[in-house]
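For reference, the structure discussed in these notes is given below.
Throughout, protein chains are lettered first and strands after them, A, B, ... in sequence-line order, and every chain is numbered starting at 1. We use all heavy atoms of the structure for the numbers below, so side chains are in, but hydrogens, waters and symmetry mates are not. Model, not experiment: these values are computed from the prediction.
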Amino acid sequence: MLDLAVLRKNPELLKKKLQDRFYDIDVDKLVEMDKEIRKNKSVLDELLASRNKLSKEIGKRKAKKEQADDLIKKVNETADKIKKTEEEYNKKHEEFMNIWLLVPNMIDDSTPIGKDESDNVEIRKWGDIKEFGFKPKEHFELAAELDMLDFERGAKLSGSRFVVYKGLGARLERALINFMLDLHTKEHGYKEIIPPYIVNENVMVGTGQFPKFRDEAYETGGQYLIPTAEVPLVNLHREEILKEDDLPIKYAAYTACFRKEAGSYGKDVKGIIRQHQFNKVELVQFTKPEESFDALEALTNSAERVLQLLGLPYRVVVLSSGDIGFSAAKTYDIEVWLPGQNQYREISSCSNTLDFQARRASIRYKGKEGKTYFPHTLNGSGVAVGRCLVAVLENYQQEDGSIKIPEKLIPYFGDKEIR
RNA sequence: GGAGAGGUGGCCGAGUGGUCGAAGGCGGUUGACUCGAAAUCAAUUGUACGCCCACCAGCGUACCGCAGGUUCGAAUCCUGUCCUCUCCGCCA
């Protein structure tokens with residue numbers, strides 16, 4: 001949620017920012033609605049004030065055992081008007097919020113303007129792309145030969161886009177999770193969290209999934225399966241006022257994630273690149289506003305270190321205005337090199353949402369002088385575990401179809417190779 | 001799943017229809033004392049929205065889990081709902 005001050009003081013800026021994202025929202029109408037709501041509020045407050053005053057007067061008279069019928073009559077005359085004004089105010093306010101919650105964050109000036117992912121800008125590359133003396137296979141071919149992934153049985157149990165990890169496949173996934181969590185908690189200063197996987201509706205609103213992306217979420221008994229640990233981690237401090245000294249707060253969590261992937265029909269149908277359920281290690285930070293962009297760099301670097309230590313080549317791109325997510329002002333995607341696909345694929349997405357989520361979830365902190373502020377929230381994958389497993393398989397495959405395990409992962413995996 | 005108790009400000013805790021945004025305590029902040037700290041004393045200390053002025057400030061409204069209702073007036077009464085705790089049952 002944006003600061004209403006933008007709407008009141010600089011609607012032209014908001015219009016431009018929405019245009020950059022190719023959003024079609026009637027800003028003038030919002031300005032008009034906001035004005036009307038404030039007017040209503042003033043009228044309502046005055047009515048209530050006069051009622052309160054009279055009621056107190058009645059109380060005083062009754063205490064003195066005096067008649068107050070004339071005052072009661074007077075108050076009763078305004079009762080109808082108060083009710084009507086209040087109802088109208090509530091209705092208008094709700095109408096306004098229904099639209100306001102659909103307004104995306106304003107992109108930062110460093111976010112390139114562009115219509116989609118083809119306008120993302122490469123920032124840097126890391127690692128040497130290995131020359132194979134043979135045609136590298138895709139991960140699902142390798143996994144099939146090594147009996148690591150079972151798509152048929154995944155489909156039997158749960159339908160398409162579900163998979164069963166088997167044997168060394170399951171072990172490799174688990175090793176990656178532990179490796180990542182240890183790295184972030186022991187070396188990057190994150191506190192490990194195991195959050196609930198099912199959350200309430202307002203929690204989904206807090207991080208920006210709802211109301212706009214309701215179709216993406218699995219619902220269960222009026223609650224929702226988390227599409228990312230970002231949701232419970234950011235909302236951990238919803239409706240709280242933190243202390244300035246508490247910041248920055250850094251959380252890391254491994255969770256399964258659940259997404260309906262509506263609208264991605266026909267995309268990535270083979271393998272585990274796009275699943276309804278997948279594992280992810282997530283990083284979240286709460287920072288002071290002036291520190292959030294430095295924190296975004298640090299958070300992205302922390303995610304990159306996972307790939308560096310595993311020896312997986314990648315590049316970092318900054319997302320364009322047409323590709324960036326709803327809540328983010330600036331986002332770096334980390335794309336890992338997949339030799340089997342012969343292309344870079346997203347393995348992490350690191351975003352600064354500024355105070356957008358903090359406002360939605362009502363997360364504040366009290367500064368040293370006693371004023372309350374909204375912290376900035378950041379989130380990033382550190383990294384997507386399934387896609388990381390794909391990257392390990394494809395980058396470390398040998399001509400005979402076996403997989404070498406990256407040096408740093410061996411203590412976690414317990415073997416030097418899979419064959 | 002059954003039975004009972006309870007949800008009040010950062011925390012503890014009083015308050016059962018009227019000057020209660022709410023006693024008291026703890027904590028926080030500021031000042032005095034002190035070379036400094038502790039102790040002590042004094043003052044101050046909720047959130048959101050709106051109005052007004054932006055030097056400090058000031059005014060109004062709402063909020064005592066949440067949503068309704070009764071009433072001139074609700075933290076207090078009524079209804080619904082959510083949550084927490086205790087005991088029993090079940091269970092990883």
Side-chain angles (χ1 to χ4, degrees), chain A residues 1-10 30-101 194-206 210 219-224 232 235-247 249 256 286 355-375:
Chain A
M1 191 160 68
L2 295 170
D3 188 347
L4 279 172
V6 178
L7 190 66
R8 291 169 189 173
K9 291 182 187 153
N10 202 348
L30 283 170
V31 171
E32 216 35 60
M33 288 173 89
D34 176 57
K35 271 188 193 155
E36 233 179 289
I37 287 166
R38 283 191 281 169
K39 218 165 96 193
N40 271 24
K41 164 100 169 131
S42 292
V43 172
L44 177 63
D45 281 356
E46 271 173 44
L47 286 169
L48 290 171
S50 84
R51 185 182 74 183
N52 286 346
K53 217 174 142 195
L54 285 169
S55 289
K56 274 187 182 164
E57 198 56 41
I58 293 167
K60 273 187 200 164
R61 284 208 201 167
K62 294 241 160 153
K64 286 189 269 177
K65 301 252 188 324
E66 289 175 9
Q67 268 291 341
D69 289 356
D70 56 323
L71 292 180
I72 292 176
K73 195 171 158 230
K74 209 168 157 190
V75 175
N76 279 335
E77 280 164 12
T78 62
D80 249 18
K81 198 171 176 194
I82 289 177
K83 202 175 170 196
K84 252 178 70 187
T85 311
E86 192 170 25
E87 275 167 6
E88 198 177 321
Y89 171 76
N90 287 338
K91 197 179 133 220
K92 281 185 177 161
H93 188 255
E94 194 187 329
E95 277 171 16
F96 176 83
M97 286 309 292
N98 283 344
I99 303 175
W100 193 236
L101 285 172
I194 300 180
Y197 289 10
I198 299 174
V199 296
N200 296 327
E201 161 123 18
N202 54 5
V203 169
M204 293 288 270
V205 174
F210 285 7
E219 189 254 319
T220 168
Q223 296 180 303
Y224 303 88
N235 280 284
L236 221 48
H237 294 296
R238 67 175 293 116
E239 286 149 50
E240 289 184 19
I241 301 177
L242 306 162
K243 292 195 210 80
E244 182 172 338
D245 289 342
D246 293 340
L247 302 177
I249 296 173
F286 302 75
D355 61 359
F356 187 82
Q357 293 180 326
R359 284 178 188 279
R360 287 187 160 234
S362 191
I363 302 163
R364 290 145 295 167
Y365 74 93
K366 202 173 272 293
K368 293 224 166 64
E369 2 62 66
K371 273 186 75 178
T372 57
Y373 304 93
F374 291 102

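When the nucleotides B/G50, B/U61, B/C49 are ranked by their closest atom to the side chain of A/Tyr89, B/C49 comes out on top. Of the listed nucleotides (B/G18, B/C49, B/G60), B/G18 has the atom at the smallest distance from the side chain of A/Ser55. Side-chain proximity of A/Asp45 to B/G60, B/G73, B/C51: nearest is B/G60. Among the nucleotides B/C49, B/U47, B/U19, the one closest to the side chain of A/Lys41 is B/C49. When distances run from any side-chain atom of A/Ser42 to the nucleotides B/U19, B/C51, B/C72, the shortest one goes to B/C51. Picking from B/C51, B/A48, B/C72 the nucleotide with the shortest atom distance to the side chain of A/Arg364 gives B/A48. The side chain of A/Ile58 approaches B/C72 more closely than any other nucleotide in the set B/U61, B/C72, B/G50.
B/A14 makes up no base pair with any nucleotide shown, lacking Watson-Crick or G-U wobble contacts both under 3.5 Å. As the counterpart of B/A37, no nucleotide is assigned, since no Watson-Crick or G-U wobble pattern has both distances under 3.5 Å. The partner of B/U30 is B/A42, by the rule that a Watson-Crick or G-U pair needs both atom distances under 3.5 Å. Of the nucleotides present, B/C59 is the one that pairs with B/G50 by Watson-Crick or G-U wobble criteria, both distances under 3.5 Å. Across all strands shown, B/C66 forms a Watson-Crick or G-U wobble pair, both distances under 3.5 Å, with B/G80. Searching all strands for a Watson-Crick or G-U wobble partner of B/C87 with both distances below 3.5 Å returns B/G2. The partner of B/A23 cannot be assigned: no Watson-Crick or G-U wobble pair with both contacts below 3.5 Å exists in any strand. Pairing for B/A74 is absent, judged as Watson-Crick or G-U wobble with the two contacts each under 3.5 Å.
When atom types are taken as modelled, the side chain of A/Asn200 and the backbone of A/Asn202 share no donor-acceptor pair closer than 3.5 angstrom. Judged purely by atom type and a 3.5 angstrom limit, A/Ser362 has no side-chain atom pairing as donor or acceptor with the backbone of A/Arg359. Judged by distance alone, the side chain of A/Asp45 and the main-chain N or O of A/Ser42 form no donor-acceptor pair under 3.5 Å.
Per the geometry, CG belonging to A/Leu48 stands 13 Å off C1' belonging to B/C63, to the nearest Å. At whole-Å resolution of the value, CD in A/Glu240 and C1' in B/G65 are 16 Å apart. Atom-to-atom, CZ of A/Phe374 to P of B/U47 comes out at 12 Å; the value is rounded to the nearest Å. For A/Asn40 and B/G50, the CG to P distance is 13 Å, given to the nearest whole Å. Taking atom CG on A/Asn90 and atom P on B/C66, their separation rounds to 15 Å, with Å as the unit. Rounding to whole angstrom units, CG of residue A/Asn202 and P of B/A67 are separated by 12 Å. A straight line from CG of A/Asp245 to C1' of B/G10 spans 15 Å, rounded to a whole angstrom. Between the C1' atom of B/U61 and the NE2 atom of A/His93 lies a distance of 14 Å, rounded to the nearest Å.
When heavy atoms are screened at a 4.0 angstrom cut-off, A/Thr372 is found touching the sugar-phosphate backbone but no base atom. Heavy atoms of A/Arg359 sit nowhere under 4.0 angstrom from any nucleic acid atom. Within 4.0 Å of A/Lys243, counting heavy atoms only, lies no atom of the nucleic acid at all. The residue A/Lys366 sits close only to the backbone: its heavy atoms come under 4.0 Å of sugar-phosphate atoms, none of a base. Contact annotation for A/Leu44: no contact, since no heavy-atom pair falls under 4.0 Å across all strands.
Nearest-nucleotide positions on RNA chain B place A/Leu4 closer to the 5' end than the other of A/Glu46 and A/Leu4.
Across the C1' atoms, B/A75 and B/C20 are found 8 Å apart, a figure rounded to whole Å. For the C1' atoms, the distance linking B/A22 with B/G13 amounts to 12 Å, nearest Å. B/C83 and B/A92 have their P atoms separated by 24 Å, given to the nearest Å. Rounded to the nearest Å, the gap between the P atom of B/C55 and that of B/C72 is 46 Å. For the P atom pair drawn from B/G65 and B/G15, the interatomic distance equals 15 Å after rounding to whole Å.
Here A/Phe374 and A/Phe356 keep their ring centres 6.0 angstrom or further from each other.
Between A/Asp70 and A/Lys74, no side-chain nitrogen of the basic residue sits less than 4.0 Å from a carboxylate oxygen of the acidic one, so the salt-bridge criterion is not met.
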